[in-house]
Novice: 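Mind having a look at this structure? Questions to follow.
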Amino acid sequence: MADVPLCENDCHTDGADRKSHHSDKLKSNMITRLNRIEGQIRGIKGMIEKDTYCDDVITQISATQAALNSVAKILLEGHMKSCVVERIQEGDHEVVDELLVTIQKLMKK
């Protein structure tokens, strides 16, 4: 899915201090995508303020949702390939239930 490295070593630490450690290239890619999405949101706000035709606004909202879903897919891929695999290898099988909850959240959208 992503053509950039997903996570560097140790995507988590024990307990509540778990963090992802994404490569600089992946962070840059996601930040670029999120900056574009932020601009899309501002554009949608401007369309509403200018009384733009509803169908046009809905089309832009749909495009923005697709862009957010793309970022989520990249994160999910990295999470599964590194964080989840690491935790299973360490004997922490609860991560599978956590992953299922995360996927359910993504599928509601």
Side-chain angles (χ1 to χ4, degrees):
M1 179 164 300
D3 57 339
V4 293
L6 296 167
C7 282
E8 294 173 353
N9 295 332
D10 301 323
C11 282
H12 77 281
T13 59
D14 292 329
D17 293 334
R18 286 188 295 196
K19 293 184 179 182
S20 291
H21 301 285
H22 302 290
S23 70
D24 288 341
K25 190 171 182 179
L26 179 63
K27 277 188 202 179
S28 177
N29 178 300
M30 287 192 296
I31 289 169
T32 297
R33 288 170 181 264
L34 291 168
N35 284 338
R36 262 190 244 126
I37 292 165
E38 186 178 17
Q40 286 177 293
I41 297 292
R42 277 195 235 101
I44 292 167
K45 181 181 174 190
M47 292 173 81
I48 298 290
E49 291 170 344
K50 294 175 186 171
D51 296 321
T52 302
Y53 185 61
C54 297
D55 190 59
D56 295 337
V57 177
I58 291 168
T59 298
Q60 288 305 310
I61 290 170
S62 177
T64 303
Q65 288 172 328
L68 274 172
N69 286 340
S70 179
V71 172
K73 288 176 190 175
I74 290 168
L75 282 170
L76 182 60
E77 178 183 350
H79 182 58
M80 291 174 69
K81 286 183 174 180
S82 56
C83 302
V84 172
V85 169
E86 273 182 27
R87 288 178 58 191
I88 289 172
Q89 288 172 343
E90 293 169 359
D92 181 1
H93 295 279
E94 290 178 16
V95 70
V96 175
D97 291 330
E98 177 186 288
L99 179 61
L100 290 171
V101 169
T102 299
I103 290 170
Q104 287 174 345
K105 288 177 187 176
L106 284 173
M107 291 179 74
K108 285 182 184 179
K109 297 176 176 149

Novice: Grouping I, L, V, M, F, W and Y whenever their side-chain heavy atoms are under 4.5 Å apart, do I31 and I74 come out in a common cluster?
Specialist: no
Novice: If you measure from CD1 on I37 to CG on L68, what distance do you get to the nearest 0.5 Å?
Specialist: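 One gets 4.0 Å once the value is rounded to the nearest 0.5 Å.
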Novice: Nearest 0.5 Å please: distance from the CG atom of N69 over to the CG atom of L106.
Specialist: 7.5 Å
Novice: Connecting only ILVMFWY residues whose side-chain heavy atoms lie within less than 4.5 Å of each other, what is the rest of I58's hydrophobic cluster?
Specialist: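 None; I58 is a cluster of one.
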Novice: Same cluster or not: are L76 and V101 linked, directly or through other Ile, Leu, Val, Met, Phe, Trp or Tyr residues, by side-chain heavy atoms under 4.5 angstrom apart?
Specialist: no
Novice: Where is the tightest heavy-atom contact between A67 and Q40, given as atom of each residue plus distance?
Specialist: CB-OE1, 3.8 Å
Novice: Just by modelled atom types, is the Q60 backbone N or O under 3.5 Å from a matching donor or acceptor in the T64 side chain?
Specialist: yes
Novice: Kindly check if the number of other-residue, nucleotide or ligand heavy atoms within 6.0 Å of CE (M47) is above 12?
Specialist: yes
Novice: Spell out, yes or no, whether M107 and M80 are grouped together once hydrophobic residues are joined by side-chain heavy atoms under 4.5 Å, including indirect joins.
Specialist: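 Same cluster: M107 reaches M80 through Ile, Leu, Val, Met, Phe, Trp or Tyr contacts under 4.5 Å.
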Novice: What pairs with R36 under side-chain hydrogen bond (donor to acceptor under 3.5 Å, both in side chains), at least two apart in sequence or on another chain?
Specialist: none
Novice: According to the salt bridge (Lys or Arg N to Asp or Glu O under 4.0 Å) rule, which pairs have a member within residues 38-57, sequence neighbours left out?
Specialist: E38-R42
Novice: Which value, rounded to the nearest 0.5 Å, describes the distance between S70 atom OG and Q65 atom CD?
Specialist: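 So the gap between those two atoms works out to 13.5 Å.
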Novice: Would a hydrophobic clustering, with Ile, Leu, Val, Met, Phe, Trp and Tyr connected at side-chain separations under 4.5 Å, put V84 with I103?
Specialist: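 Yes, V84 and I103 fall within the same hydrophobic cluster.
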Novice: Between N29 and K25, is there a side-chain heavy-atom distance shorter than 4.5 Å?
Specialist: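 No, too far: nothing below the 4.5 Å cut-off.
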Novice: Okay, side chain of T32, backbone of S28: is any donor-acceptor separation there less than 3.5 Å?
Specialist: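 Yes, T32 side chain to S28 backbone: donor-acceptor pair under 3.5 Å.
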Novice: Measuring from L26:CG to L75:CG, what's the distance to the nearest 0.5 Å?
Specialist: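 Atom-to-atom, L26:CG and L75:CG are 7.0 Å apart.
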Novice: Evaluate side-chain contact (heavy atoms from CB on, under 4.5 Å) for H79 paired with L99, printing each intermediate quantity in order.
Specialist: CA-CA 9 Å; H79 182 58; L99 179 61; 4.2 Å; yes
Novice: Checking side-chain contact (heavy atoms from CB on, under 4.5 Å) for the pair H93/I88: CA distance, chi angles, key distance, verdict?
Specialist: CA-CA 5 Å; H93 295 279; I88 289 172; 3.8 Å; yes
